[in-house]
Amino acid sequence: MRLYLSEGSPQGLKVLAAAGASGARVRLERVPPDGHVVPFLTHPRVPALHLDSGTFLFSPNAICQYFFLLAGKEHTDLTSQWLEWEATELQPAVSTALYGHVVQGKKGGEVLGAIRKTLAYIDQSLTSKTTPYLTGEAESVADIVLWATLFPVLQDEFCLPDELQALRSWFRIMNLLEPCRNAVESVLTPKGAEQFKAYLQKQPVSCLHSEKPATN
Amino acid sequence: MAVAAGLGPEAEELVLLEKSLGLTKGNKYGVQGERKSPVLQINNGPSLTGLATIATHLVKQAKKEQLLGKTAEEKAVVQQWLEYRVTQIALPCTKEDTRVILKDLNLYLEDKVYLARNNFTLADILMYYGLHHIIIDLTVQEKEKYLNVSRWFNHIQHYPGIRQHLSSIIFMKNRLFTNA
């Protein structure tokens, strides 16, 4: 199977990390951010996975789930719930924050403000559990997906306020996992979040501002 | 679709899904947040939030796991269209968004009977419920333009137990427009 990736696509991190964590063997193909890979889609969507059967998967979360399924890890109610929450709540908030930071030049606190509510939600869930990861004792597809979405805005745990203790330590553990470190090295250059600029500028504004930023 | 006071349209869809799955002991749903995401309280357990998550749970409860896909590939395809359903179709769509959704689906369904190729799955059911309010407003000419979507939609609405009280949408058997 071929995994199509483009420079600076924030979603590239999660599929690479998921491939690493699940041991999926993929052939990487680098394409431009506006590369038209999936034949039936009007708007280019990268990353995309082209299976040997001819099927295209264009949703990064479905690609991550597929890798874990191949490794024999079925999804549970809890992993489904985190992935759906990530797609409907976290991603729109992070896109707004990242756009504000990279394209509009907003700084630290202002950027975090846009995702404050979602960060607090993850922190609460981790606090109410006794396990180190979101769904249990070992990292699951949910941990990989959430970590990868947060990484471009957070980079390291030090920008998180002290009161989000549980989120800080989870994020630190995730950053140290080998598949996550490898994915960062493969997707990012020393330019840091600037990497995502060209990609974000090409996104239609409507999809970036679909969510009202959190006010608290 | 009649929307009960306080319940979002997504919770209404879950009620339809329960019936189509043959689950007779109806669940009670709450809603959460600005998006009015449905919430299901499980007996003595934690609650579940989100249309796709709860729908997947109901399918397992009804012991109809084949609706979630049989192979890893089919499972991923089903999850992908469920995600598409909650991220692309749940939001208020502009005319242009709707056009792109229909165009993409039409091309995708060109060589397929169902969203997961030859097998009827949960993705077809939720996509049918989600698209009903869009398809109902299409003109005869638009229905011809998106011929594969029309064929698929008509197929699903005739699938036993799926449509229930939703209005049946008429599709012409013969083409009226030569250039559609």
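Throughout, protein chains are lettered first and strands after them, A, B, ... in sequence-line order, and every chain is numbered starting at 1.
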Pairs of heavy atoms under 4.5 Å with chain B: top-ranked of Cys64(A), Ser53(A), Pro60(A), Pro39(A):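 Among the listed options, the one with the most contacts to chain B is Ser53(A).
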Contact winner vs chain B - Leu57(A), Leu78(A), Thr79(A), Leu83(A), heavy-atom pairs under 4.5 Å: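 Most heavy-atom pairs within the cutoff with chain B belong to Leu57(A).
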Taking the six-membered ring for Trp, are the ring centroids of Trp82(A) and Tyr133(A) within less than 6.0 Å of each other?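 No, ring centres 6.0 Å or more apart.
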Centroid-to-centroid, Trp81(B) to Phe58(A), below 6.0 Å?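 Yes; Phe58(A) has its ring centre under 6.0 Å from that of Trp81(B).
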State, without any angle test, whether Glu84(A) and Thr53(B) hold a side-chain donor-acceptor pair at a distance under 3.5 Å.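 Present: a donor and an acceptor within the cut-off.
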Do the ring planes of Tyr114(B) and His155(B) sit parallel (below 30°), tilted (30 to 60°) or perpendicular (above 60°)?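 Rings of Tyr114(B) and His155(B): tilted, as their planes differ by 30° to 60°.
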Could you look at [X] and say if it's the side chain, the backbone, both or neither that has a heavy atom under 4.5 Å from chain B?
{"X": "Gln81(A)", "value": "both"}
{"X": "Leu51(A)", "value": "side chain"}
{"X": "Glu74(A)", "value": "side chain"}
{"X": "Thr76(A)", "value": "backbone"}

Distance-only donor-acceptor hits, side chain of residues 85-92 of chain B, under 3.5 Å, sequence neighbours excluded:
from	atom 1	to	atom 2	distance (Å)
Arg85(B)	NE	Leu126(B)	O	3.0
Arg85(B)	NH2	Glu13(B)	OE1	2.7
Arg85(B)	NH2	Glu13(B)	OE2	2.6
Thr87(B)	OG1	Glu83(B)	O	2.8

Just give me the residue among Leu48(B), Ile54(B), Asp104(B) that pairs up with chain A most often, heavy atom to heavy atom, under 4.5 Å.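 It is Asp104(B).
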Donor-acceptor contact present, side-chain Glu89(A) to main-chain Trp85(A), <3.5 Å: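 Here the side-chain-to-backbone pair does not exist.
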Checking [X] against chain A: side chain, backbone, both or neither under 4.5 Å from a heavy atom?
{"X": "Thr94(B)", "value": "neither"}
{"X": "Leu68(B)", "value": "neither"}
{"X": "Glu110(B)", "value": "neither"}

Please report the closest heavy-atom contact between Ser20(B) and Gly161(B), naming both atoms and the distance.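 Between these two residues, the closest heavy atoms are CB-O, 3.2 Å.
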